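A quick note: this is a predicted structure, and the numbers were derived from the prediction, not measured. A, B, ... follow the sequence lines: proteins, then strands. Residue 1 opens every chain.
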Number of protein chains: 2
Amino acid sequence: MKTVSPHTLSPPCEEVEHSPVSASIGDVAHLAGVSVATVSRAIRGLPNVSPATRDRVLKAAAELQYVAHPHASRLAAGRTMTVGMAVPMLTQWFFTQVVAGAEGVLAANGYDVLLYGVPDADTMRRFIDEMPLSKRVDGLIVVDLPVETSDVERLRQAGPVVTVGVDSCAPSVTIDNVEAAATATRHLVNLGHRRIGLICHLPPQALEFTAPVQRRLGYERVLAEAGIAVREELIVPGNFALQGGAEAMAQLLTVDRPPSAVFAESDEMAIGALKTVRDAGLHVPGDISVVGFDDHDMAAYTDLTTVAQPAMQEGEAAATLLLESMSDDDDRDVSSIVLPTKMVVRATTGPERSSDRLAG
Amino acid sequence: MKTVSPHTLSPPCEEVEHSPVSASIGDVAHLAGVSVATVSRAIRGLPNVSPATRDRVLKAAAELQYVAHPHASRLAAGRTMTVGMAVPMLTQWFFTQVVAGAEGVLAANGYDVLLYGVPDADTMRRFIDEMPLSKRVDGLIVVDLPVETSDVERLRQAGPVVTVGVDSCAPSVTIDNVEAAATATRHLVNLGHRRIGLICHLPPQALEFTAPVQRRLGYERVLAEAGIAVREELIVPGNFALQGGAEAMAQLLTVDRPPSAVFAESDEMAIGALKTVRDAGLHVPGDISVVGFDDHDMAAYTDLTTVAQPAMQEGEAAATLLLESMSDDDDRDVSSIVLPTKMVVRATTGPERSSDRLAG
DNA sequence: CTGAAAGCGCTTACAG
DNA sequence: CTGAAAGCGCTTACAG
C-alpha cells in the first residue's frame, strides 16, 4: 500500500460537528405545541390523535427533519427495526444472491440489515451464544448454517428466526436438494452414462452444511435405482469454488476406469472441472459430460448444463416470512416454503459413447 | 412457490419467550455487591477500579452471561459500535469482495455492519439525507457511490466516512483507474493493434460511477499517445455484467472496420464478449484480442488477460482507515490509500495480424 | 476507588 | 383526544 501522492488529493472536507444538533421529539412537540407523547403517537400513525393535531405534528416534524433516534425507540419500545443476517461467507454466488434478495425486501419495509459473516464453527458458536443476549435485532435470517434445534431455539430468544437452505424447527426457505441432485444425475443416466463422478463439498475443517449431504443422497439414490454401484473413488470433494472443482476433476481423471460424466454440486466447481477437462485435451461432452448446480450467471456463458435454483428469490421469500413472523404475535402458523428447481440442459452433457477413449 | 408438504416439516421449535429475562447491569451490580456505575467502569476496562472489585464484577458478569444492551449504551454514551456500508448493488463481484473484506476486519474489532443497498439515485439521495439524522452508526463506508463534497460533508455528521473507489474529501481507498486502463490499452497497442474497441459502463438511468469515466480516460489517453484517433463507434456501453458485455461485443462486430482488439472495463463484460466472439466463429486472440479488468476468479479460468485490482484488500483497508478515524478525535491526518493494480497477461490477447480477415 | 443521581430520547400505561 | 410521568438500560460528571 502506498499512500496517495499530494496532487491526487481531493480537498479535505470542511470541519463538521460529528454530532450536530438534530431535532429531538421534544423540539417537534414544542414547535407543534403539543406533548411529546402526542408527537410519538402522531408520527407512528397510532389512533387517538385528531386529524388536525396529526397534521400539525407531521408538518413540524418535516420542518425540523425529525427522525426518531432508533436506539431510544428500541430501548423504550423493545424493537430495533433491524434484522440480522448470518451467512457463512460473503463472496460465494449463492450467498450474495440471498443477501441481495433479502436486503431488498427488508429495506423496502423499513428494516435495516445487520450482516454477520460466520465462516467457521467457532464463529457460529459465538454467534449463537451472544446474539440473543445482545438484543440488537428484531429477527434473524440464518443462511445455510448447520444449526440444530437447540441452536434455533436459543436464537429465537432474540426474535423470530427464518432459515434459508436448511430445514429447521423455524420457518425455512429451501429447495429440494435431494430431488434436484437426483434429477441432474438421472439426466446423466438417461444419456447412457454408467461411470458417473460426483464433485461434492467437503469442507476442510469448516461447517458441515446440509445441502452437500442431500445432494450426494440424490446422486446415490439414482445410481441405486439404475443398478449402478457407488464407487467411492468417483466421489471427490471440491471446495465450492472454481479451483476446488478443477482439482477434483484432475483427480477424477487419474482414476482407474474414469467417469464418462460428472455431477458437480455447484456451477463454480463445474466450471473449474470443465477447464481441467479441456486443458487435458479432452472434449465436452464428447469425452466427458459435466452437469452443475445453481445456474450461476456464468453457466449460460459456458453453456453449462445445470439445475437452476432461484437463489435471489430464496432471500426474498425468507425476508417476507420473517416480516410475517415479526408482525404476528403468534408466528406458529408462518409456514415454510420449498422453492422449485429446474433442470437446464445446455451443451456440456451428451450421450455416453461406447467408443469412449477413456474406457481404458 | 409451494409450501412445504407436511411430511418434510421439522418439528416446530418449542415455545420460547421472545424476550427472556437476560441479565441487566443492575443484576450484575447486585451479584457483585457494587453499584452499577462500578460495573460499567469495570466491564469497559476503565481506570479507577480496584483489581479486586474488577475481578468480582467480571466474575458476576460471566456467571450471568451479561452482555450490555447496545442501544442503551448508545443512548447514554453516543456510540453504537456499528458501521454502515453503502454499496450500489450486492451481487457484483467487486462489491461482494469489498463487503467481505470490510466485514472481516470490522467484526474482528467488535463492530457490527449495517448493510445498505443503494441501487439508484433516488435511494442514494434518501440515504444521504436520512443516514446522518438517524444516528445509528458510528461511521460509514461508502463504496463507489458518486458522492459530491457536500454529500460527504453531510454524511460526516453521522461520524467519520471512508469512501472506496471514489476520491472524496474524506479518506478514501482507490486504485488508479486511469493508469490501470492505460496499461491495458497500451498492452493492446504494443501488440500492434490500431482498431481498439472499448466496452465501457454506461448505466441506463442509474448512478454515474466514476471508475468507468476514469477507465475511459486511460483508454483515450493511450490512443492519443499512439496517434490513433478515437472512433466513437468503437466505444460501446455494457452494463458491467456478462450479458451486457456479450451484447456490446455483438454490436462491435457489426461496425465497419471492426476492432481487432477490445478492452472491457470489467472481467464480467470481457467474458461475455469472449462468448460472442466465439459464437460468431471467430478465434481469440487470433481474430480478436480481449482484455478485461478486475481479475475476477473466473478470469483465470477463461484464460483472460486482465488488469487485477485487489478488491478484498480495498475493503479491508477501508475498514482499517475507518477504525482509525473513529478512534482518533482528530481524523484530519488519516490519509487516503491508493492500492496497486497489476497487468495479468494470459491467453486472450495476441499480436495484430495484418492478414486480419475482419479488416474488410 | 466507589456510589447516588441525572440524563440519553424515546414509548406507554394511566389519568383526565 | 391529550398530557404528565415513569421507565427502558446504560454512562458520566460530580461528590466523597
Side-chain angles (χ1 to χ4, degrees), chain A residues 18-58 60-61 64-82 132-138 158-159, chain B residues 18-58 60-61 64-82 132-136 138 158:
Chain A
H18 274 183
S19 306
V21 282
S22 56
S24 76
I25 195 171
D27 301 328
V28 178
H30 187 76
L31 214 193
V34 296
S35 73
V36 297
T38 300
V39 173
S40 177
R41 283 188 287 254
I43 283 186
R44 286 177 302 144
L46 297 188
N48 293 339
V49 182
S50 75
T53 306
R54 187 183 303 276
D55 251 32
R56 231 167 345 120
V57 170
L58 260 25
L64 297 174
Q65 296 202 59
Y66 171 71
V67 174
H69 190 132
H71 301 95
S73 304
R74 162 57 159 173
L75 195 54
R79 46 207 324 261
T80 59
M81 292 305 283
T82 113
L133 298 172
S134 79
K135 313 170 196 81
R136 74 189 74 206
V137 298
D138 292 339
Chain B
H18 276 182
S19 309
V21 283
S22 55
S24 76
I25 194 172
D27 302 328
V28 178
H30 187 77
L31 214 193
V34 296
S35 73
V36 296
T38 300
V39 173
S40 178
R41 283 188 286 255
I43 283 187
R44 286 179 302 145
L46 297 189
N48 294 338
V49 181
S50 75
T53 306
R54 189 183 302 277
D55 250 33
R56 229 163 351 115
V57 170
L58 261 24
L64 297 174
Q65 296 201 59
Y66 171 70
V67 174
H69 189 133
H71 302 95
S73 306
R74 162 56 160 175
L75 195 52
R79 47 207 324 261
T80 57
M81 292 305 283
T82 112
L133 299 172
S134 79
K135 312 170 197 81
R136 75 190 73 208
D138 292 340

Quiz item: Think B:Thr38 has a side-chain N or O under 4.0 angstrom from the OP1 or OP2 of C:dT2?
Solution: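 No, B:Thr38 has no side-chain N/O under 4.0 Å of OP1/OP2 on C:dT2.
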
side-chain contact (heavy atoms from CB on, under 4.5 Å) partners for [X], two or more places apart:
X	answer
B:Ile25	B:Val36, B:Val39, B:Ser40, B:Tyr66
A:Leu64	A:Ala23, A:Asp27, A:Val28, A:Leu31
A:Ala77	A:Arg79
B:Arg54	B:Ala42, B:Val49, B:Leu58

Practice problem: Answer yes or no: is there a donor N or O on one side and an acceptor on the other, between the side chain of B:Arg74 and the main chain of A:Pro70, under 3.5 Å? | Solution: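 No.
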
Self-check item: Side chain A:Arg56, main chain A:Ala32, donor-acceptor under 3.5 Å
Solution: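 Present.
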
In whole Å, I'd like the distance from the [atom1] atom of [X] to the [atom2] atom of [N].
X	N	atom1	atom2	answer
A:His30	D:dT2	NE2	P	18 Å
A:His69	C:dC8	NE2	P	12 Å
B:Asp27	D:dC8	CG	P	12 Å
A:Arg79	C:dC10	CZ	P	16 Å
B:His71	D:dG9	NE2	C1'	12 Å

Listed by chain and number, what are the side chain to side chain donor-acceptor pair (under 3.5 Å) partners of [X], not counting sequence neighbours?
X	answer
B:Thr53	B:Ser50
A:Arg136	A:Ser134, B:Asp112
A:Thr82	none

Quiz item: Taking the side chain of A:Ser50 as its heavy atoms from C-beta onward, which of C:dG9, C:dT2, D:dT2 lies nearest to it?
Solution: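 The listed nucleotide nearest to A:Ser50's side chain is D:dT2.
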
Quiz item: Do any of residues 51-58 of chain A sit with a heavy atom less than 4.0 Å from DNA chain D, and if so which?
Solution: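 Going residue by residue through residues 51-58 of chain A, the ones with a heavy atom under 4.0 Å of DNA chain D turn out to be A:Thr53.
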
Quiz item: Reading nucleotides 11-16 of chain D 5' to 3', which nucleotides get B (base under 4.0 Å from a protein heavy atom), which S (sugar-phosphate only), which -?
Solution: SBB---

Quiz prompt | DNA chain D stem ranges, 3 or more consecutive Watson-Crick or G-U pairs under 3.5 angstrom | solution =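 Result, WC/G-U stems under 3.5 Å: C:1-3 with D:14-16, C:5-12 with D:5-12, C:14-16 with D:1-3.
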
Quiz prompt | Inter-residue atom distance A:Arg41.CZ - A:Ser35.OG, 0.5 Å rounding | solution =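 Those atoms lie 6.0 Å apart.
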
Exercise. Check A:Gly78 against A:Asp138 and note the closest heavy-atom contact, atom names and distance.
Key: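 Closest heavy-atom pair between A:Gly78 and A:Asp138: O-OD1, 4.2 Å.
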
